[in-house]
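The structure appears below as structure tokens.
Residue numbering restarts at 1 for every chain, and letters A, B, ... go by the order of the sequence lines.
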Amino acid sequence: MKTIVPSLKGTRDFYPEEMAARTWLYQKLRQVSKRFGYQEYEGPMLELVELYAAKSGEELVNEQSFVFPDRGGELIALRPELTLTLSRMVAQRQRQLVYPLRWWSFGPFWRYERPQKGRSREFFQWNVDLIGVDTPAADAELVAIIATFFKEVGLSPSLVGIGINDRQLITAELEALSIPDELRPAVFHLIDRREKLPPPDWAAYARDLGLSDTQFTRLQELLADGELWKKSDSLRSLFAALEAYGVSDYARYDPSIIRGLDYYTSTVFEAKELTGDIRRSILGGGRYDNLLEAVGGEPLPGTGFAMGDVVITLILKQYGCLPPDLGKTTAQVLVTTFDEASSAANIALAMELRQAGLDVLGYPRATPLSKQIKFADRVGVNYILILGPDEIKNGVVTLKDLRSGEQRSLPRSEAIAELRKLLARHKSS
RNA sequence: GUGCCAGUAGCUCAAUGGCAGAGCACCUGACUGUGGAUCAGGUGGUUGUGGGUUCGACCCCCAUCUGGCACCCCA
């Protein structure tokens with residue numbers, strides 16, 4: 001074997017089958033986003049590092065981004081997320097945009113992390129944001145979009161769920177426990193770790209942070225309290241709205257959801273697979289009411305979420321939700337090339353079909369029919385047309401259905417209409 | 001960035017430190033105007049890469065790359 005220059009760590013090659021899966025996913029996202037009236041947008045893949053500095057979270061920008069100096073010495077980042085780009089784009093036109101603003105996007109992102117199942121260095125992300133309103137109903141709309149998407153791709157509430165919490169609620173509870181403000185980020189992190197660490201380690205971590213025994217006990221009670229949300233006006237409204245949307249079966253209160261990014265101000269949520277072995281979250285999001293100010297705009301509330309393509313694709317594959325014929329050609333017909341003499345007639349026939357709107361493969365060489373039929377079979381075309389000397393003499397074409405194996409000859413002038421009929425029937429069945 | 005596990009044909013995997021193999025896939029033929037099934041035959045490898053130990057290395061040692069698991073972080 002010759003040496004092939006390897007692909008870069010953490011990148012993926014999209015062969016036609018994977019590309020078809022990605023496009024399929026994109027179409028689902030697009031459909032759901034549109035259904036809720038969101039508009040598609042896109043930002044640059046390159047941003048100045050300072051856009052992210054201290055707003056996304058130390059680690060994300062300092063350790064987990066691709067950063068390099070450009071020829072002028074400016075520090076450039078391959079975008080690790082979209083929310084700050086979105087905030088900048090909104091801030092730049094803040095006075096002329098119409099609110100509430102609803103935008104969505106699907107594009108590539110990069111994070112310099114150690115690749116693992118469900119995590120690559122280059123990935124695609126669905127971003128959906130609603131800006132200009134700070135109501136629980138706005139958060140509920142986003143959760144409803146997620147639930148609608150799950151339903152649309154065939155993931156039932158028994159397979160995936162959306163956990164919801166409010167950082168303000170937890171903050172208030174921590175204050176009630178006399179946990180000092182400066183300890184809050186650390187305690188948030190502690191809460192975030194609970195399901196990951198064995199209980200003794202978790203307890204040790206809490207002690208190391210300086211929590212007293214009573215504070216620790218109360219914190220555990222908080223996290224076990226499935227009714228805690230009832231103390232929060234906004235969470236009560238949010239869950240009531242989800243009821244109205246008819247998506248309550250996907251959503252549930254989860255006091256341990258905190259999220260890592262620093263810019264979330266109140267509502268936070270996260271979707272996960274409920275039963276399977278994929279532990280990484282499918283998507284995450286929340287409310288970020290200070291972000292516009294942070295990038296130099298006027299204060300403006302916002303809420304949104306992001307879903308990576310890697311985990312969701314694994315899950316869709318696992319549950320057989322992806323269409324089965326993704327690796328197949330999308331061509332509908334193969335026009336064979338019988339021999340050199342009839343080659344021109346075959347090319348002309350193929351072009352006629354294309355002009356009629358059919359997706360048509362030709363065969364760029366005269367070889368035995370057996371080869372061409374085998375090719376059609378393997379590539380996944382269902383119909384083939386044969387136009388050889390006999391057919392040309394009689395003004396007909398031979399149409400073969402590869403699934404049934406049946407074939408018949410029909411007047412050449414009727415070929416298009418007949419194919420359309422067969423394709424329409426096949427599509428509807 | 002840390003620790004652990006793995007890497008052999010296109011794929012899934014064998015091979016006590018002693019001749020690199022099987023199944024599937026692929027190609028050819030049985031079948032020169034007809035695919036799938038069956039049968040017969042065939043192609044395919046610098047054992048991830050580079051060093052070392054050894055008479056001899058897929059096997060042991062070191063480094064490195066890639067993937068996976070647990071961290072870290074997060075989509």
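Contact annotation: His189(A) does not reach the phosphate of rC72(B) (side-chain N/O to OP1 or OP2, under 4.0 Å). The side chain of Arg114(A) contributes no N or O atom lying less than 4.0 Å from OP1 or OP2 of rG68(B). Contact annotation: Arg378(A) side-chain N/O to rC27(B) OP1/OP2 distance is under 4.0 Å. Considering only side-chain N and O atoms, Lys374(A) lies under 4.0 angstrom from the phosphate OP1 or OP2 of rC27(B).
For Glu391(A) against rG33(B), a side-chain-to-base donor-acceptor contact under 3.5 Å is present. For rU66(B), its base never sits under 3.5 Å from the side chain of Lys9(A) at any donor and acceptor pair. Gln407(A) contributes a side-chain N or O that forms a donor-acceptor pair with the base of rU34(B) under 3.5 Å.
Across rC59(B) and rU47(B), the matching P atoms stand 10 Å from one another, rounded to whole Å. Straight-line distance between the P atoms of rA6(B) and rU43(B): roughly 34 Å, to the nearest whole Å. rC31(B) and rA22(B) have their P atoms separated by 29 Å, given to the nearest Å. On the P atoms, rA40(B) is 25 Å away from rG45(B), given to the nearest whole Å. Taking the P atom of each, rG36(B) and rC26(B) are spaced 10 Å apart, rounded to whole Å. Between rG44(B) and rG10(B), the distance separating the two C1' atoms is 9 Å to the nearest Å. On the P atoms, rC39(B) is 13 Å away from rG23(B), given to the nearest whole Å. For the P atoms, the distance from rG51(B) to rA14(B) is 28 Å, rounded to whole Å.
Toward the 5' end of RNA chain B, the nearer of the two residues Phe124(A) and Arg193(A), judged by each one's closest nucleotide, is Arg193(A). For the pair Lys371(A) and Glu406(A), nearest-nucleotide mapping onto RNA chain B gives the more 5' position to Lys371(A).
Nucleotide rG10(B) has rC24(B) as its partner under the Watson-Crick or G-U criteria, with both atom distances under 3.5 Å. Across every strand in view, rU16(B) sits unpaired, with no contact that passes the Watson-Crick or G-U test at under 3.5 angstrom. With both pairing distances under 3.5 Å, rU32(B) is matched to nothing as a Watson-Crick or G-U wobble pair. In this structure, rC4(B) and rG68(B) make a Watson-Crick or G-U wobble pair, each of the two defining distances being under 3.5 angstrom. In this structure rG50(B) sits in a base pair with rC62(B), meeting the Watson-Crick or G-U test at under 3.5 Å.
For Glu113(A), taking side-chain heavy atoms from C-beta onward, the closest of the listed nucleotides rU28(B), rC73(B), rC74(B) is rC73(B). In this structure, of rU28(B), rG68(B), rG33(B), it is rG68(B) that holds the atom nearest to the side chain of Lys117(A). Distances were taken from every side-chain heavy atom of Asp377(A) (C-beta onward) to each of rC74(B), rG36(B), rU34(B); the shortest belongs to rG36(B). Comparing atom distances between the Lys400(A) side chain and each of rU34(B), rC71(B), rG33(B) picks out rU34(B) as nearest. Nearest nucleotide to the Asp390(A) side chain, out of rG35(B), rG33(B), rC72(B): rG33(B).
Aromatic ring orientation, Phe36(A) versus Tyr245(A): tilted (interplanar angle from 30° to 60°).
Donor-acceptor pairing under 3.5 Å is lacking for the side chains of Gln168(A) and Asp166(A). No hydrogens or angles considered: a donor-acceptor pair under 3.5 Å links the side chains of Tyr253(A) and Asn165(A). Neither side chain, Glu81(A) nor Gln125(A), offers a donor N or O lying under 3.5 Å from an acceptor on the other. In summary, the side chains of Asn127(A) and Ser105(A) do not present any donor paired with an acceptor at a separation below 3.5 Å, with no hydrogens or angles considered.
Among the atoms of the strands shown, only primed sugar atoms or phosphate atoms (P, OP1, OP2) are found under 4.0 Å from some heavy atom of Gly10(A). Phe109(A) comes within contact range of no nucleotide atom at all, as no heavy-atom separation falls under 4.0 Å. Residue-level contact check: Pro115(A) touches the backbone only, with heavy atoms under 4.0 Å from sugar-phosphate atoms and none from bases. Residue Thr367(A) is out of contact with every strand shown, counting any heavy-atom pair closer than 4.0 Å. Using a 4.0 Å heavy-atom distance criterion, Leu402(A) is classed as a base contact.
Atom-to-atom, CG of Asn382(A) to P of rU34(B) comes out at 21 Å; the value is rounded to the nearest Å. Atom-to-atom, CG of Leu399(A) to C1' of rG33(B) comes out at 16 Å; the value is rounded to the nearest Å. At whole-Å resolution of the value, CZ in Arg121(A) and C1' in rG67(B) are 12 Å apart. As a whole-Å value, the separation of Tyr112(A) OH from rC74(B) C1' is 17 Å. Residue Asp192(A) contributes atom CG, which lies 8 Å from atom P of rC73(B) at whole-angstrom precision. Between the CG atom of Leu385(A) and the C1' atom of rU34(B) there is a distance of 14 Å, rounded to whole Å. In this structure, Ile386(A) atom CD1 and rU32(B) atom P are separated by 15 Å, rounded to whole Å. The interatomic distance linking Leu369(A) (CG) with rU32(B) (P) rounds to 11 Å, in whole Å.
Arg111(A) forms no cation-pi arrangement with Phe66(A), by the criterion of a distance under 6.0 Å to the ring centre and an angle within 45° of the ring axis.
A centroid separation of less than 6.0 Å is found between the aromatic rings of Trp229(A) and Phe239(A). Side-chain rings of Trp126(A) and Tyr26(A) stay apart, their centers remaining 6.0 Å or farther from each other.
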